[in-house]
Each structure stands twice: as C-alpha cells, then as structure tokens.
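Below: the structure, in structure tokens.
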Amino acid sequence: MSKSADIERILHCVEETFGGVDILINNAGTGSNETIMDAPDDKWQYYWDLHVMAAVRLARGLVPAMLKRGGGVILQNASICAKQPLGYEPIYNVTKAALMMFSKCLSNEVIGRNIRVNCINPGLVLTPDWKKTARQLTDGTEVTWEQYLDGIAKDNAPIGRFATPEELADFFVFLCSPRASYCVGSTYYVDGGWLKGLA
C-alpha cells in the first residue's frame, strides 16, 4: 500500500471485478520506533506513503466509482497517537495525525455528493502484533506475555484491558451503516478512556 503502482493495480482490479465500491476502510499501517534526530528521510517517506498517501490515492481512485453508485462511506483507521503521541514513535504519531486531518478535509469535499467520511482513533487493541511483541519482550524473563500486556493495559487504559478486534470492528460496522447517517467529518476515540483530555 506504500507504492502508487501497487495501488493502481488494486484500483484496476476493483473496477474490473466489482465495478466500484460502496465502502473504503483505510487500515494499512504499522508502528515505528525511532527518534526524530536519528530517523532518516527514507523512513519518514515510507510511513508517509503507507499511512497518508495510500489513503489519498485510494480515495482519489475510488470516489468516482462511489459517485456512480450513489454515494458511499470512507473510514480512516488512525490511532490515539494522532492526538496523544507516544515518545518512541514520532513518525507514527505525525503521520496518523496527518491522516486524521486528511479525513476531515476529504469529508468536507465529498459530503455534498453523499459520501460520508470519518476517522477512528483506536487505543489498545489485542492484535497478533501486540502478542508477538509481548512474547519477544518477555522471552527469558519471569513475566509472561499475558502479564506484560495486562500491565500495559492497566498503565494506559482506565478500563484496564485491551479491546478485542471484534469490539473495534463493531464500531466500524456501525459507522458504515445507515444508523450513522448523520455522522460526518468526525474523529471517534475507541480507546477505553486512554485519551487524557478532551478530543
């Protein structure tokens, strides 16, 4: 998703196979680990292309087909880090904040043509990547990976646990549904209370 040529192939396949789409969820992304002083330009560029330009390119390519079908829904999966940055991944923080702003700008541009755009900023979601990282960090220690993740949850989320992927998916489904027909141009936090201020 970080390469424009690959996205062009996806757009061609979508058009040829389905004749367009009704829903676009921009979910491509991954965490990072660096300092601003040490991160080279190519790392910044990679994350910019993955987190921001993939969403821009897919929107440009799919909105015309949505219009032919009468409208649609676009959701950006950003991160709580877009609003409340983590110290060890400044590139992730910056690019997810840019994705949030892109979502707002796109919403203003297409709502008059019956395309609703919103952004979701999840907090802790128990994905395979979290489990993999926890196993690596606790290997050879007396702490289990489950205990490690439990500590992360208790330290950060007032709810005291990770969300399941299904809990997050339920919110995405709601925002894609007609029940959310008046939800436009907003960013929603699904973070178990992690955000330490007003959204």
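All values below were derived from every heavy atom in this structure, side-chain atoms included, with hydrogens, water molecules and symmetry-related copies excluded. Note that this is a predicted model, so its numbers are computed, not measured.
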| query | Is there side-chain contact between N121 and M100, with at least one heavy-atom pair below 4.5 Å? | reply | yes
| Nearest heavy-atom neighbours spanning V184 and S107 | CG1-OG, 3.4 Å
| query | Is the closest side-chain heavy-atom distance between V94 and W44 below 4.5 Å? | reply | yes
| task | Check whether any side-chain heavy atom of T164 lies under 4.5 Å from a side-chain heavy atom of L126, and answer yes or no. | result | no
| query | What distance do C183 atom SG and F174 atom CZ have between them, rounded to the nearest 0.5 Å? | reply | 5.0 Å
| field | Within-4.5 Å side-chain heavy-atom neighbours: L75 and L24 | value | no
| query | What residues, two or more places apart in sequence or in another chain, satisfy salt bridge (charged side-chain N to carboxylate O under 4.0 Å, His left out) together with K43? | reply | E34
| Quick one: do I23 and L168 end up in the same hydrophobic cluster if we chain Ile, Leu, Val, Met, Phe, Trp and Tyr together by side-chain heavy atoms under 4.5 Å apart? | yes
| message | Would you say V117 ends up clustered with L67 if hydrophobic residues are merged whenever their side chains have heavy atoms under 4.5 Å apart, either directly or through other cluster members? | response | yes
| query | If you round to the nearest 0.5 Å, how far is OG1 of T133 from OH of Y148? | reply | 7.5 Å
| field | N108 vs C105 side-chain heavy atoms within contact, under 4.5 Å | value | no
| task | Looking only at non-hydrogen atoms, find the nearest pair between A78 and C119 and report the distance. | result | CB-SG, 3.6 Å
| Common cluster, L99/I115, ILVMFWY with side-chain heavy-atom separation under 4.5 Å | yes
| task | Any chance you could measure S79, atom OG, to L86, atom CG, to the nearest 0.5 Å? | result | 7.0 Å
| task | Take atom CD of E146 as the centre, draw a 6.0 Å sphere, and report whether it contains more than 12 heavy atoms from other residues, nucleotides or ligands. | result | yes
| said: For the CD atom of E89 and the OG1 atom of T35, what is their distance to the nearest 0.5 Å? | reply: 13.0 Å
| task | Would you check, one step at a time, whether the test side-chain contact (heavy atoms from CB on, under 4.5 Å) holds for F172 with N77? | result | CA-CA 9 Å; F172 273 84; N77 190 19; 3.7 Å; yes
| request: Begin with the C-alpha distance, continue with both residues' side-chain angles, and end with the deciding distance and a verdict on ring-ring contact (aromatic ring centres under 6.0 Å, His included) for F171 and Y188. | output: CA-CA 9 Å; F171 195 69; Y188 300 92; 5.7 Å; yes
| Cluster overlap I10 with V21, hydrophobic side-chain contacts below 4.5 Å | yes
| Just how far is it from atom OH of Y88 to atom SG of C81, taken to the nearest 0.5 Å? | 6.5 Å
| request: Please assess I36 against I91 for the test side-chain contact (heavy atoms from CB on, under 4.5 Å), listing each intermediate value before the final yes or no. | output: CA-CA 8 Å; I36 293 173; I91 297 176; over 6 Å; no
Side-chain donor-acceptor pairs under 3.5 Å in residues 48-62, sequence neighbours left out?
unit_1, atom_1, unit_2, atom_2, d
D49, OD1, Q45, NE2, 3.2
H51, ND1, T95, OG1, 2.8
H51, NE2, T30, N, 3.3
H51, NE2, T30, O, 3.3

| query | Can you name the nearest heavy-atom pair linking G123 to I80, along with the distance? | reply | CA-CG2, 4.0 Å
| task | Let me see the working for M66 and I74 under side-chain contact (heavy atoms from CB on, under 4.5 Å), right down to the final yes or no. | result | CA-CA 10 Å; M66 283 185 177; I74 299 174; 3.8 Å; yes
| L106, Y182: one ILVMFWY side-chain cluster at the under-4.5 Å cut-off? | no
| Any side-chain heavy atom of T187 within less than 4.5 Å of one from K83? | no
| Who passes side-chain contact (heavy atoms from CB on, under 4.5 Å) against A65, sequence neighbours left out? | E15
| task | Search all heavy atoms of S186 against all heavy atoms of N118 and return the closest pair with its distance. | result | N-OD1, 2.9 Å
| message | For a quick test of reading the model, state the closest non-hydrogen atom pair linking C176 to V73 and the distance between them. | response | O-CG2, 3.9 Å
| message | Please determine whether the number of non-hydrogen atoms from other residues, nucleotides or ligands lying under 6.0 Å from atom NZ of K68 exceeds 12. | response | no
| request: Kindly compute the distance separating CG (L124) from CG (D155), expressed to the nearest 0.5 Å. | output: 10.0 Å
| field | Contact summary for R116 and I111, nearest pair of heavy atoms | value | CG-CD1, 4.0 Å
| request: Begin with the C-alpha distance, continue with both residues' side-chain angles, and end with the deciding distance and a verdict on salt bridge (Lys or Arg N to Asp or Glu O under 4.0 Å) for E167 and R161. | output: CA-CA 12 Å; E167 285 175 305; R161 65 175 178 82; 2.8 Å; yes
| Between N26 and Q76, a side-chain donor and acceptor under 3.5 Å | yes
| Is any side-chain heavy atom of W130 less than 4.5 Å from a side-chain heavy atom of I152? | yes
| field | Salt bridge present between E8 and K3 (N-O < 4.0 angstrom) | value | no
| field | Check ion pair K154-D150 (N to O, under 4.0 angstrom) | value | yes
